[in-house]
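Residue numbers start at 1 and run along the sequence shown. We count ligands from 1, going down the list as the structure has it; atoms in each ligand are counted the same way. These numbers were taken from a predicted model, which means no experiment stands behind them.
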Amino acid sequence: YFAIHLLAAQRRRLDAALAPFLLAPDTLREVRDKMRAELEYGLKREAQGKATVKMLPTYVCGTPDGTEKGKFLALDLGGTNFRVLLVKIKSGRKRSVQMYNKIFAIPLEIMQGTGEELFDHIVQCIAEFLEYMGIKGACLPLGFTFSFPCRQGTLVGWTKGFKATDCEGEDVVDMLREAIRRRNEFDLDIVAVVNDTVGTMMTCGYEDPNCEIGLIAGTGSNVCYMEDMKNIEIVEGNEGKMCINTEWGAFGDNGCIDHIRTKYDREVDEGSLNPGKQRYEKMTSGMYLGEIVRQILIDLTKQGLLFRGHISESLRKRGIFETKFLSQIESDRLALLQVRRILQQLGLDSTCEDSIIVKEVCGVVSRRAARLCGAGLAAIVEKKRENRGVEHLQITVGVDGTLYKLHPHFSTVLRETVKELAPQCDVTFLLSEDGSGKGAALITAVAKRLHNIDKYLYAMRLSDETLLDVMARFRREMKNGLSRDFNPTAAVKMLPTFVRSIPDGSEKGDFIALDLGGSYFRILRVKVSHEKKQTVQMESEIYNTPEDIMHGSGTRLFDHVAECLGDFMEKQQIKDKKLPVGFTFSFPCRQTKLDEGILITWTKRFKASGVEGADVVKLLNKAIKKRGDYDADIMAVVNDTVGTMMTCGFDDQRCEVGLIIGTGTNACYMEEMRHIDLVEGDEGRMCINTEWGAFGDDGSLEDIRTEFDREIDRGSLNPGKQLFEKMVILGLHKILTRLGVEPSHEDCIAVQHVCTIVSFRSANLVASTLGAILNQLRDNKGVGRLRTTVGVDGSLYKMHPQYARRLHKTTRRLVPDSEVRFLLSESGSGKGAAMVTAVAYRLAEQHRLIDETLAEFKLTHEQLLQVKKRMRAEMEAGLKKKTHDTAKVKMLPTFVRSTPDGTGSATGFPVWGLVRLSRSGATSCAKEISLLPCAGCWLPGPSKVTA
Ligand code: BG6
Ligand code: BG6
Ligand code: GLC
Ligand code: GLC
């Protein structure tokens, strides 16, 4: 009776001590929801450095696809064992992975010594392994499973049992590399650093492609999963997925689960290497469960419920309860006697009752761990389900860790909890049999390939310093191109366009626009009307231009253009009208007026003979005349950059730059007339077509051109020309073929990677040349901060998923003191060409009216002879005494009898000086002098009209 009574009292106190470990379903749901909120927060940009659940991007973008191959070394550090492995992967139909590994001990004093000691020890182990495997000389690629939180390769902070000094905030690869260098015995190619969760997910993903989550329930606790790129704010790009290492062990470090932590948890935390940190991990992972049990046992002993109230020396020892003992004690197959024996091994002298209580305590603690871990995992699978937008999700979780593998109940309780808290998810748990080293090797295989590409394409990465230098060089090129002296030899031609302003809203009429030189040849009809508001109506047709026409004779090309125009007019039923035509011709043309364009040279994919050096307006007019079935009035030739600027200027008055990044690349901008030597006049502004595609044609970009650029150039229609353009327009196909990657190949990751590097360079280069233009505009305006709009068009800018973002970002970085709006030209350059034509048309009309009105002021030769004759008679009358008094022309004597004869030195010199001065100044004066009549009403006829 006494004994039973005692047991009942024991029971109550025992229950009281263990009650906080029994989590109600509602509490678990709350934990799940809190975890979910922390996951979401960690993905946000603003959470950087603040989130407790860090959600670290791993830059692993896919699970294995069977194409991985090669021979690799792997290190596996941070779990129970430190392992060095050799992994041989075969791809293809007989794909297989062979592994050899060796476990090495890491003594406590090294785990908690200096960083140098730790990494020297690791390298020592590698050396032994290489020796043992007989591969000492081989410089193999190495993948490093490093089971601690790393942000882009840098150790954020130690967790679990490690605390080596001078490592936090350092680059893990650097530390390992240094240690290899210190040893100076062998070299290794360190390719990837991988968290154990990621390694585990990849190991399991090799067997099951549905495995998109990696879970570790071992010494530590953590999870990784494949997240949609669009949800990861701190990584650029929206396509595909990336693996996120959640580092959920730190969940609760902000206090959000403190209400479920017990006093025992707090004691464990305070006695740990990292107090206050990894609170969730300390409730759920193998390294700490034994400690929690020990704290409870001490408490129960103090209460006299255990070990006859005597706290033995060994019970005071931190860490005596390893996970493996926990697992053994809880094993159902074990008789009480055996439990006692284990306790005895631990130096705990127990009675039978003690054994029952110890077993119960262990059970409660491990059950809570499994339930909490299940609640966390439920949050992850639910998130995956919502990401996919499905009612029911089938997913595989790759798992590893001694707690999961060895504990008799942990895995079952974990699985039950996930089922309970995420009922819409059907979760398969796949145990990682081979550890995370295999996964690390798989990642290394992919990374190695990218690594090689990186080495190959290294020269394509341009630093900001280089970009600023390119910007300065381009600014000089612009200056040269604008100056009369340097223009003839300048690579960047800076062509005046005779377009003097962007649309002002007064344009109207019915126009035709041709748009030749981009990806498509388009003909448009543009109707601009003015009822209430200015509105534009457009209809267009795309015409095919076969390669043999682009590369045939010029006559054939323009016959083709004229034929398409005829067809278009036919369709529009305007063949009988003579509508004004604007011609977007996207090639470098020298212009002396708006309706003349001498093609300097073909660029891009065109190479028709007999056109270079000729006026394309004349050629088109000739082709139209030859047909004779319709008539057209070509009023303006404009470059596509100009057309784009005008199109965008129609919507935004601030637009003063036109940019094309498409089949070719180029920019135009509004320059001050006083800077343009090639055109007379200093007032106002004129649009300059820079033709920046030719930047570098004089060798000025040789230092940043790569072997790929040279190869692309050699294979082009115009070798040695348009060198900048060829760097900007991605010659991807060539590069991929050179790398042995056929674009059709399934090798998507490599392709994506190459594309990223090449397009990044392109956007950066354009940002630097555009930066030069923006600086020029700012200096022209004499303002501290430039506010302007750039009108942009071109398939690369429009279609590439990240191009525009990159361009905007780098531009902002290179020209910080500006506020640049990039306005996409939605309707092509045709609309702008029509605007130019409208202005030209209006001015032509104006001039016709002026001419009419002022017709009387124009004197004929006969009239002038008459005037001369009459004046002569008048003068004679004035000189004659007889008629002097009545003469109209008075002819008054002045009594000055001679002009200077050079002998009067005091007054003579300044007079000569004056004459000399005006002579030497003649050239510069000429511009102003000739300006005068031009600015007035003596304007040339309509054919010389400028807009
Ligand atoms: C091993 C993996 O199998 O499991 C390690 O290879 C991982 O990378 C470990 O860290 C986790 O379990 P534990 O119990 O050893 O910490
Ligand atoms: C179009 C313009 O939208 O873009 C053309 O109308 C221009 O004038 C073209 O040449 C540039 O882009 P791409 O990619 O067609 O060369
Ligand atoms: C710790 C580490 C984490 C690791 C986990 C499992 O939580 O911080 O990186 O994945 O342990 O080993
Ligand atoms: C080429 C042409 C240029 C055009 C550009 C974009 O560089 O030379 O005139 O603007 O391509 O189409």
Side-chain angles (χ1 to χ4, degrees), residues 54 56 76-80 145-150 155-162 194-200 214-224 245-250 274 277-278 280-282 284-287 400-403 436 493 495 513-522 524 540 584-589 599-606 638-644 647 658-668 689-695 718 721-722 724-726 728-729 792-799 824-833:
K54 294 182 204 63
L56 304 167
D76 188 351
L77 177 79
T80 312
T145 304
F146 183 71
S147 311
F148 302 95
C150 289
L155 174 62
V156 179
W158 287 116
T159 55
K160 300 179 282 192
F162 282 70
V194 178
N195 188 263
D196 53 353
T197 52
V198 185
T200 299
L215 171 70
I216 297 284
T219 315
S221 169
N222 192 13
V223 91
C224 74
N245 167 16
T246 66
E247 284 295 331
W248 79 8
N274 49 354
K277 299 213 170 120
Q278 302 289 102
Y280 181 67
E281 177 162 87
K282 286 172 185 164
T284 53
S285 78
M287 176 160 172
D400 205 342
T402 40
L403 190 56
S436 68
K493 298 184 197 68
L495 303 167
L514 302 177
D515 187 354
L516 181 72
S519 319
Y520 302 108
F521 169 35
R522 203 192 295 260
L524 307 90
S540 78
T584 303
F585 184 68
S586 313
F587 302 95
C589 286
L599 176 65
I600 299 176
T601 172
W602 285 116
T603 56
K604 298 181 285 193
R605 297 167 304 145
F606 279 69
V638 292
N639 188 262
D640 53 353
T641 53
V642 184
T644 299
T647 300
L659 175 63
I660 297 279
I661 313 162
T663 325
T665 183
N666 191 14
C668 71
N689 167 15
T690 64
E691 284 296 329
W692 76 18
F695 181 26
N718 49 355
K721 288 192 180 157
Q722 300 291 101
F724 179 72
E725 177 163 87
K726 286 170 192 163
V728 169
I729 302 316
V792 208
D793 205 343
S795 43
L796 184 54
Y797 182 88
K798 283 198 287 207
M799 319 278 246
L824 183 66
S825 155
E826 300 285 357
S827 31
S829 68
K831 178 168 155 187

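Atoms of ligand 4 lying under 4.0 Å from any heavy atom of Gln722, numbered from 1 in the order shown and given with element: 7 (O), 8 (O). In summary, the atoms of ligand 2 found under 4.0 Å from a heavy atom of Ser795, numbered by their order in the structure, are 12 (O), 13 (P), 14 (O). Contact atoms of ligand 2 toward Ser586: 10 (O) (distance under 4.0 Å to a heavy atom of the residue). Atoms of ligand 2 lying under 4.0 Å from at least one heavy atom of Asp640, given by number and element, are 7 (C), 8 (O), 10 (O). When each atom of ligand 2 is checked for a heavy atom of Ser829 under 4.0 Å away, the hits are 2 (C), 5 (C), 6 (O), 8 (O). Residue Asn666 approaches ligand 4 through these ligand atoms, each under 4.0 Å from one of its heavy atoms: 3 (C), 4 (C), 5 (C), 9 (O), 10 (O). The Thr603 neighbourhood of ligand 4 comprises atoms 1 (C), 2 (C), 8 (O), with distances under 4.0 Å to a heavy atom of that residue. Counting atoms of ligand 2 from 1 in the listed order, those under 4.0 Å from a heavy atom of Asp515 are 2 (C), 5 (C), 6 (O), 8 (O). Within ligand 2, the atoms closer than 4.0 Å to a non-hydrogen atom of Ile660 are 11 (C), numbered from 1 in the order shown. Against a heavy-atom cut-off of under 4.0 Å, Gly662 is close to the following atoms of ligand 2: 12 (O), 13 (P), 14 (O), 16 (O). Those atoms of ligand 4 that come under 4.0 Å of a heavy atom in Ile660, given as number and element, are 6 (C), 12 (O). Proximity to Thr663 (heavy-atom distance under 4.0 Å) selects the following atoms of ligand 2: 13 (P), 14 (O), 15 (O), 16 (O).
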Check: every ligand 3 N/O to protein N/O pair under 3.5 Å:
{"unit_1": "ligand 3", "atom_1": "7 (O)", "unit_2": "Ser221", "atom_2": "O", "d": "3.4"}
{"unit_1": "ligand 3", "atom_1": "7 (O)", "unit_2": "Glu281", "atom_2": "OE2", "d": "2.3"}
{"unit_1": "ligand 3", "atom_1": "8 (O)", "unit_2": "Thr159", "atom_2": "OG1", "d": "2.9"}
{"unit_1": "ligand 3", "atom_1": "8 (O)", "unit_2": "Glu247", "atom_2": "OE1", "d": "2.8"}
{"unit_1": "ligand 3", "atom_1": "9 (O)", "unit_2": "Ser147", "atom_2": "O", "d": "3.3"}
{"unit_1": "ligand 3", "atom_1": "9 (O)", "unit_2": "Phe148", "atom_2": "N", "d": "3.4"}
{"unit_1": "ligand 3", "atom_1": "9 (O)", "unit_2": "Asn195", "atom_2": "ND2", "d": "2.8"}
{"unit_1": "ligand 3", "atom_1": "9 (O)", "unit_2": "Glu247", "atom_2": "OE2", "d": "2.4"}
{"unit_1": "ligand 3", "atom_1": "10 (O)", "unit_2": "Asn195", "atom_2": "OD1", "d": "3.1"}
{"unit_1": "ligand 3", "atom_1": "10 (O)", "unit_2": "Asp196", "atom_2": "OD1", "d": "2.6"}
{"unit_1": "ligand 3", "atom_1": "10 (O)", "unit_2": "Asn222", "atom_2": "ND2", "d": "2.9"}
{"unit_1": "ligand 3", "atom_1": "11 (O)", "unit_2": "Lys160", "atom_2": "NZ", "d": "3.1"}
{"unit_1": "ligand 3", "atom_1": "11 (O)", "unit_2": "Glu281", "atom_2": "OE2", "d": "3.4"}
{"unit_1": "ligand 3", "atom_1": "12 (O)", "unit_2": "Lys160", "atom_2": "NZ", "d": "2.7"}
{"unit_1": "ligand 3", "atom_1": "12 (O)", "unit_2": "Asp196", "atom_2": "OD2", "d": "2.5"}

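Nearest heavy-atom pair across Asn639 and Thr584 is C-CG2, 4.1 Å. Asp793 and Ser825 make their closest contact through OD2-OG, 3.4 Å (heavy atoms, listed as atom of the first residue, atom of the second, distance). The two residues Glu247 and Phe148 make their nearest non-hydrogen contact at OE2-C, 3.8 Å.
With a 4.0 Å heavy-atom cut-off, ligand 2 is reached by the side chain of Asp793 but not by its N, CA, C or O.
Among all protein heavy atoms, the one lying closest to atom 12 (O) of ligand 2 is Gly794 CA, 3.1 Å. Distance from atom 9 (C) of ligand 2 to its nearest protein heavy atom, with residue and atom name: Gly518 CA, 4.3 Å.
Heavy-atom neighbours of Lys721 NZ from other residues, nucleotides or ligands within 6.0 Å: at or below the threshold of 12.
A 4.5 Å side-chain heavy-atom check between Thr159 and Met287 finds every atom pair outside the cut-off. Thr690 places none of its side-chain heavy atoms less than 4.5 Å from the side chain of Phe695. Residues Phe606 and Thr663 have side chains not in contact (no heavy-atom distance under 4.5 Å, counting atoms from C-beta outward). Between Leu495 and Cys589, the closest side-chain pair of non-hydrogen atoms is not below 4.5 Å. Contact annotation: the side chain of Lys160 never approaches that of Ser285 to less than 4.5 Å [non-hydrogen atoms, C-beta and beyond].
Not a single N or O atom of Tyr520, backbone or side chain, sits closer than 3.5 Å to an N or O atom of ligand 2. For ligand 2, the polar-atom distance check against Thr584 finds no nitrogen or oxygen pair separated by under 3.5 Å.
Listed by chain and residue number, nothing satisfies the side chain to side chain donor-acceptor pair (under 3.5 Å) test with Lys54 (two or more places apart in sequence, or in another chain).
Within the model, atoms CG of Asp196 and CG of Leu77 stand 10.0 Å from one another, a figure rounded to the nearest 0.5 Å. Here OG of Ser436 is found 6.5 Å from CD1 of Ile216. Values are rounded to the nearest 0.5 Å. Here the CD-OG1 distance, from Gln722 to Thr665, works out to 10.0 Å after rounding to the nearest 0.5 Å.
For the residue pair Asn666 and Asn689, a side-chain donor N or O sits within less than 3.5 Å of a side-chain acceptor on the partner.
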